[in-house]
Amino acid sequence: MDVTRPSCALLVLLVLYILNLATCMNAKINFREKEKQILDQILGPGRYDARIRPSGINGTGEAPTLVRVNLYLRSISKIDDYKMEYSVQLTFREQWLDERLKFNNLGGRLKYLTLTEANRVWMPDLFFSNEKEGHFHNIIMPNVYIRIFPNGNVLYSIRISLTLSCPMNLKLYPLDKQTCSLRMASYGWTTDDLVFLWKEGDPVQVVKNLHLPRFTLEKFLTDYCNSKTNTGEYSCLKVDLLFKREFSYYLIQIYIPCCMLVIVSWVSFWLDQGAVPARVSLGVTTLLTMATQSSGINASLPPVSYTKAIDVWTGVCLTFVFGALLEFALVNYASRSDMHRENMKKTRREMEAAASMDAASDLLDTDSNTTFAMKPLMRGGVVDSKMRQCEIHMTPPRKNCCRLWMSKFPTRSKRIDVISRITFPLVFALFNLAYWSTYLFRDEDEEK
């Protein structure tokens, strides 16, 4: 009995130990408490200094800190031609290695630590060099976070809205393509201390179904743009956004109305030359409308020193409308000249008729002998017969088609109207052919 009692007690103790061990193994770890302990451990007072940049490659202090950047383009709200700027909303991310922030991941159970205060760790001094305005988003909470991974990698992400400058070349407006850049550079750290790199793989992402009112985002290109100043060389990144202007809006709002105004001005060529009020009012109205259209187009564009494609179009259309008005002035002058000429011919015929009547009366009243009076008449008859014989042997002069067709319109004013009906549309069609072929093919050549 004495031997069995110690063995039983030992067995009981073993069972209790196994149960206690199983209870400890099944106990849940409070990871939030562990995160607090790790943050206090790596970021506590006297342990981490956010003013000192991380070490470079392989932990060497002489090598620069490498910061990899990527962007997520959320929206582009506007592209302003007059101010030459565009507004964009994006998620901006930076990632770098800070070995001072390494921690134990508890066997892979703790993937990363999250911070919302950027001043707790060292941050790259990046700024947007072509920025005009910008703001953070704080609704409902500040849209920013910092993730610290067990190996010391730091991921910084923030949502920002920016208004950036975009110098534009408007020579081909509105058949143009514009390239707007987004530039990011270090403000104080030179390339000896800090180098920005694009993240490998897909550094720039664009939201699906990106909608712009007057442009289409064709493509984007990433590049480097390091700058040298008298204080050193600074690392810089840039992404070029290539926008193509949507032409359908301008075709409906500008080109078709201008064509209609030019065609309406040609209606005066078909009106009677005596309808002075109708032709003058039509010409002046189309001229003023065309001038208003041109001024409205230029009001939405910046004053530039070169000629734009839209300036050529509106200028030529305005010239055609003004030419139609001048054509009526020329027709009016030719009409009055024709009337004056007809009056002169009528007066001359009346004077010749009166002179012939006077000559006939003088001939009847003369008292000369018959033989003397008949000789001139006989001579005249002989001459007339000889002239008729000559006319029979002479071939009549041939008239070409144009002269034959123009002979249908006896007055010069009518001829000017008829010529204008053909010349104005023909010249305008040739201008359209030259205009569209020049600017459309020039655009394709510049892309190549």
(message) Let's go through R245 and D81 carefully: what are the C-alpha distance in whole Å and the side-chain angles of both, what is the deciding distance for salt bridge (Lys or Arg N to Asp or Glu O under 4.0 Å) to 0.1 Å, and is it a yes or a no?
(response) CA-CA 11 Å; R245 197 182 299 272; D81 298 319; 2.9 Å; yes

(message) In this structure, is the centre-to-centre distance between the rings of Y173 and W313 below 6.0 Å?
(response) no

If you measure from [atom1] on [X] to [atom2] on [Y], what distance do you get to the nearest 0.5 Å?
X: T319; Y: M290; atom1: OG1; atom2: CE; result: 9.5 Å
X: N226; Y: L237; atom1: CG; atom2: CG; result: 8.0 Å
X: F220; Y: L241; atom1: CZ; atom2: CG; result: 8.5 Å
X: K199; Y: Q205; atom1: NZ; atom2: CD; result: 7.5 Å
X: T289; Y: L318; atom1: OG1; atom2: CG; result: 11.0 Å
X: L90; Y: L182; atom1: CG; atom2: CG; result: 6.5 Å

(message) Assess the residue pair L155 and W96 against the criterion (side chain to side chain contact (heavy atoms under 4.5 Å, CB included)); give the C-alpha distance rounded to whole Å, side-chain angles, the decisive distance to 0.1 Å, and a yes or no.
(response) CA-CA 7 Å; L155 173 63; W96 66 93; over 6 Å; no

Sub-3.5 Å donor-acceptor pair from the side chain of [X] to the main-chain atoms of [Y], do we have one?
X: T65; Y: P54; result: yes
X: D240; Y: L221; result: no
X: T285; Y: L282; result: no
X: T292; Y: L288; result: yes
X: Y435; Y: A309; result: yes
X: W198; Y: N70; result: no
X: R100; Y: D49; result: yes
X: N138; Y: M141; result: no
X: N130; Y: S181; result: yes

(request) State whether a side-chain donor-acceptor pair under 3.5 Å links R214 with Y250. (result) yes

(message) Regarding E246 and T216, do their side chains bring together a donor and an acceptor under 3.5 Å, going by distance alone?
(response)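 T216 and E246 do have a side-chain donor-acceptor pair below 3.5 Å.
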
Close side-chain approach of [X] and [Y], heavy atoms under 4.5 Å:
X: C258; Y: Q293; result: yes
X: R68; Y: E94; result: no
X: M184; Y: S129; result: no
X: I38; Y: L43; result: no
X: N143; Y: F136; result: no
X: L170; Y: Q178; result: yes
X: L242; Y: E218; result: yes
X: T191; Y: Y234; result: no

Taking everything shown except [X] itself, do over 12 heavy atoms lie less than 6.0 Å from its [atom1]?
X: Y112; atom1: OH; answer: no
X: F247; atom1: CZ; answer: yes
X: F428; atom1: CZ; answer: yes
X: K132; atom1: NZ; answer: yes
X: Y187; atom1: OH; answer: no

Might you point out which heavy atoms bring [X] and [Y] nearest each other, and give the distance in Å?
X: L210; Y: L217; result: CD2-CD2, 3.7 Å
X: Y48; Y: L101; result: CE1-CD2, 3.5 Å
X: L325; Y: G283; result: CD1-CA, 3.9 Å
X: P64; Y: L194; result: CB-N, 3.9 Å
X: K102; Y: G152; result: CG-N, 3.9 Å
X: L175; Y: W436; result: CD1-CZ3, 4.1 Å

(request) Would you please name every residue forming a side chain to side chain contact (heavy atoms under 4.5 Å, CB included) with S437, sequence neighbours left out? (result) F441

(request) Given side chain to side chain contact (heavy atoms under 4.5 Å, CB included), test F320 with V427 step by step and report yes or no. (result) CA-CA 9 Å; F320 271 94; V427 175; 3.7 Å; yes

(request) Report yes or no: is the SG-SG distance between C259 and C317 under 2.5 Å? (result)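 The sulfur gammas are not closer than 2.5 Å, so no.
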
(request) Would you list the pairs meeting side-chain hydrogen bond (donor to acceptor under 3.5 Å, both in side chains) in which at least one residue belongs to residues 296-309, sequence neighbours left out? (result) K308-D311

Using distance only, find each side-chain donor-acceptor pair of residues 263-272 under 3.5 Å and give its atom names and separation, not counting sequence neighbours.
{"from": "S265", "atom 1": "OG", "to": "V262", "atom 2": "O", "distance (Å)": "2.5"}
{"from": "S268", "atom 1": "OG", "to": "S265", "atom 2": "O", "distance (Å)": "3.0"}
{"from": "D272", "atom 1": "OD2", "to": "G274", "atom 2": "N", "distance (Å)": "2.9"}

(request) Output yes when R47 and D40 qualify as a salt bridge under the 4.0 Å nitrogen-oxygen rule, no when they do not. (result)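 Looking at D40 together with R47, the answer is no, because their closest N to O distance does not fall below 4.0 Å.
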
(message) Any salt bridge linking E327 with R279? Criterion: basic side-chain nitrogen under 4.0 Å from a carboxylate oxygen.
(response)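 Salt bridge between E327 and R279, a charged N being under 4.0 Å from a carboxylate O: yes.
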
(request) Apply disulfide bond (SG atoms under 2.5 Å apart) to C180 and list each qualifying residue two or more places apart in sequence or on a separate chain. (result)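 Testing C180 for disulfide bond (SG atoms under 2.5 Å apart), a comparison that skips the adjacent residues, returns C166.
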
(request) Kindly write out the residues that satisfy ring pair (Phe, Tyr, Trp, His ring centres under 6.0 Å) with H135, not counting sequence neighbours, or none if the list is empty. (result) H137

(message) Let's go through F92 and F128 carefully: what are the C-alpha distance in whole Å and the side-chain angles of both, what is the deciding distance for ring-ring contact (aromatic ring centres under 6.0 Å, His included) to 0.1 Å, and is it a yes or a no?
(response) CA-CA 11 Å; F92 174 75; F128 298 92; 5.8 Å; yes

(request) Would you check, one step at a time, whether the test side chain to side chain contact (heavy atoms under 4.5 Å, CB included) holds for I297 with T314? (result) CA-CA 9 Å; I297 294 170; T314 55; 3.7 Å; yes

Using residues 113-127 as the side-chain source, report each donor-acceptor pair under 3.5 Å to any protein atom, sequence neighbours left out, with the distance given to one decimal.
{"from": "D125", "atom 1": "OD1", "to": "S186", "atom 2": "OG", "distance (Å)": "2.9"}
{"from": "D125", "atom 1": "OD2", "to": "G188", "atom 2": "N", "distance (Å)": "2.5"}
{"from": "D125", "atom 1": "OD2", "to": "W189", "atom 2": "N", "distance (Å)": "3.2"}

(request) Validate the cation-pi geometry between R421 and F424: distance from NZ or CZ to the six-membered ring centre under 6.0 Å, angle to the ring axis within 45°. (result) no

(request) Decide yes or no on salt bridge (Lys or Arg N to Asp or Glu O under 4.0 Å) for D176 and K171, but give the supporting numbers first. (result) CA-CA 8 Å; D176 58 334; K171 288 184 178 180; over 6 Å; no

(request) Please test V276 against F328 for side chain to side chain contact (heavy atoms under 4.5 Å, CB included), starting from the C-alpha separation and ending with a verdict. (result) CA-CA 9 Å; V276 176; F328 170 67; 3.8 Å; yes

